[in-house]
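So the structure is just underneath, and the comments pick up after that.
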Amino acid sequence: MKTFCLTLLLMLFTGEAMAERLKDIASVAGVRENQLFGYGLVIGLNGTGDDTDFTNQSFISMLNQFGINLPDGADTDSDNVAAVSLTATLPPFSKPGQSIDVTVSSLGNASSLRGGTLLLSALKGADGQVYAIAQGNLVVGGLGTGGADGSRQSIATPTVARIPNGASVEKAVANSFNRGDTLTFNLNRPDFTTAKQVADKINGLLGPGVAQSLDATSIRVTAPRDPSQRVTFLSILENLEVELGRERAKIVVNSRTGTIIIGQDVTVSPAAVTHGSLTVTIKSNPEIGQPGILPGAGQELAPRQEIETDEESGHMFVFTQGASLNDIVRAVNQVGAAPGDVMAILEGLKQAGALNADLVVI
């Protein structure tokens, strides 16, 4: 029997509902990060800068700001300067004077940014306004080396660097946290059941009608107007533990790595799949069992599965009514199917309407 080489990650859940804090499954509408972007020059490089036209133009423009006027068409021919793009994330509620980290990436053909210093540069938001000013010495994790014959070798990426706390916030971003009489929680994963559970949990704590489920994502909550009271109010709500609704039955297939992730509640309707030189038959035969020896103990329905494998006589996978995730996995493990075989079987079951789950290929 072939070795089962497929990486099969099984997400098996018990029947108990999972409880998570509200802050881990939802965010407050209007409270979000903002992306900043800028352009700048890195100087002080040890001959590892770039020689592009826009770098020379930017360098000349910088010199002009300091009263140094070069003739038209002058070529600075400096290998110690590099043009870079700047990116940063402005956290919610950031105030002027606070510091944020900056990522610096080469735009030209610089071989390394190690040892460089970023000159004063503006960081703008999507609206074109300046929200932070960046400057400082670069921290480069990568390493690049070159030989006299033109050979080169690099470790990691020496053309991308960081400046910890390298930008100072100059302008706060307005948000709607303190506006109106309500707050809205948006679930990270839309689900009608979870939205109802959140509303019921809040109403159970604060009284009926305080929270309303608007749709599968949003829950609107009546909140105090006073900012200090609203902060306390939100602190209480975000630590509430909420039972999550069970996800839709889903199978995720990564065709590049051969990884298959099978979620809960995946079942197969009666079907037969011809594939390879193996026959696998799965039968679910529930039987009445006596759980204990004590008098008066009730009878219960005990599941009993039978799996038969025959390598010579057939070419058929047979799944009977109600075959579950465990049945599918046991069958696949028994026959030692290759990753491509399993993916083909799952796709065939889905096309035939026998796979009661969403099949997602990434």
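Q35 and T87 share no side-chain donor-acceptor pair at under 3.5 Å. T184 and R220 are not linked by any side-chain donor-acceptor pair at a separation below 3.5 angstrom, with hydrogens and angles left out of the test. At a cut-off of 3.5 Å, with distance as the only test, a side-chain donor of T55 or T52 sits close to an acceptor on the other residue. For the residue pair Y39 / S58, a side-chain donor-acceptor distance below 3.5 Å is found, with atom types taken as modelled.
Rounding to the nearest 0.5 Å gives a distance of 10.0 Å between CG of L214 and OG1 of T217. How far OG1 of T89 is from CZ of R32: 10.5 Å, rounded to the nearest 0.5 Å. The distance from atom CD of Q212 to atom OG1 of T182, rounded to the nearest 0.5 Å, is 9.5 Å. Atoms CD and OG, from Q98 and S168 in turn, are 9.5 Å apart once rounded to the nearest 0.5 Å. Separating the CZ atom in R114 from the OG1 atom in T48 is a distance of 9.5 Å, to the nearest 0.5 Å. In this structure, L183 CG and L237 CG are separated by 8.0 Å, a value rounded to the nearest 0.5 Å.
Remark: side-chain polar atoms of N137 are not paired, donor with acceptor, to backbone N or O of T117 under 3.5 angstrom. Between the side chain of S106 and the backbone N or O of V84, no donor-acceptor pair lies under 3.5 Å. Although no hydrogens or angles enter the test, the distance criterion places no donor-acceptor pair under 3.5 Å between the side chain of D51 and the main chain of D79. Using modelled atom types, no side-chain atom of T194 and backbone atom of P190 make a donor-acceptor pair closer than 3.5 Å. D50 places no side-chain N or O within 3.5 Å of a backbone atom of A82 that could act as its donor or acceptor partner. The backbone N or O of I43 lies less than 3.5 Å from no partner atom in the side chain of N80, so there is not a single donor-acceptor pair.
Between P91 and I100, some side-chain heavy-atom pair lies under the 4.5 Å cut-off. Between E20 and L244 there is a side-chain heavy-atom pair separated by less than 4.5 Å. Counting heavy atoms from C-beta outward, T103 and S105 have side chains that approach closer than 4.5 Å. By the 4.5 Å heavy-atom criterion applied to side chains, V139 and P164 are counted as neighbours. Considering only heavy atoms from C-beta on, V42 stays 4.5 Å or farther from V81 through its side chain. At a threshold of 4.5 Å between non-hydrogen side-chain atoms, the residues K23 and N239 count as touching. By the 4.5 Å heavy-atom criterion applied to side chains, V160 and L113 are not counted as neighbours. A heavy-atom distance below 4.5 Å is not found between the side chains of L123 and Y131.
A salt bridge is absent between R230 and D226; no separation between the charged side-chain nitrogens and carboxylate oxygens falls under 4.0 Å. Here E243 does not pair with K201 in a salt bridge; the nearest charged N to carboxylate O distance is not below 4.0 Å.
Under a cut-off of 6.0 angstrom, the local environment of CG in D53 is sparse, with at most 12 non-hydrogen atoms contributed by other residues, nucleotides or ligands. Remark: F192 CZ is loosely packed, at most 12 non-hydrogen atoms of other residues, nucleotides or ligands lying under 6.0 Å away. Around the CZ atom of R162, the shell of radius 6.0 Å holds more than 12 heavy atoms that belong to other residues, nucleotides or ligands. By the 6.0 Å contact criterion, CD on Q57 is open, its count of non-hydrogen atoms from other residues, nucleotides or ligands being 12 or less. Atom CG of N46 is surrounded by 12 or fewer heavy atoms from other residues, nucleotides or ligands within 6.0 Å.
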Assess whether side chain to side chain contact (heavy atoms under 4.5 Å, CB included) is satisfied between Q135 and L118, documenting all intermediate values. CA-CA 5 Å; Q135 181 172 280; L118 175 69; 5.5 Å; no
Apply the test side chain to side chain contact (heavy atoms under 4.5 Å, CB included) to residues V360 and I251: give CA-CA distance (whole Å), side-chain angles for both, the deciding distance (0.1 Å), then the verdict. CA-CA 6 Å; V360 181; I251 297 178; over 6 Å; no
Apply the test side chain to side chain contact (heavy atoms under 4.5 Å, CB included) to residues N188 and D24: give CA-CA distance (whole Å), side-chain angles for both, the deciding distance (0.1 Å), then the verdict. CA-CA 9 Å; N188 299 333; D24 296 326; over 6 Å; no
side-chain hydrogen bond (donor to acceptor under 3.5 Å, both in side chains) for S218 and N186? Distances and angles first, verdict last. CA-CA 5 Å; S218 302; N186 292 326; 2.8 Å; yes
Show the numbers, then the answer: is there a side chain to side chain contact (heavy atoms under 4.5 Å, CB included) between I133 and L120? CA-CA 7 Å; I133 299 296; L120 192 68; 3.0 Å; yes
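One hydrophobic cluster holds both V198 and I236 under the rule that ILVMFWY side chains link at heavy-atom gaps under 4.5 Å. Using a 4.5 Å cut-off between side-chain heavy atoms of Ile, Leu, Val, Met, Phe, Trp and Tyr, with links allowed through other members, V28 and V231 fall into the same hydrophobic cluster. Placement of F37 and L86 in two distinct hydrophobic clusters is found when ILVMFWY residues are connected by side-chain heavy-atom separations under 4.5 Å, directly or transitively. Put simply, F185 and L240 are part of the same group of oily side chains (I, L, V, M, F, W, Y) that touch within less than 4.5 Å, one to the next. At a threshold of 4.5 Å between side-chain heavy atoms, the hydrophobic network of Ile, Leu, Val, Met, Phe, Trp and Tyr places F93 and L234 in one connected group.
A pairwise comparison of heavy atoms in S111 and P158 identifies O-CG, 3.6 Å as the closest pair. Of all the heavy atoms in I219 and A211, the pair that sits closest is CG2-CB, 4.2 Å.
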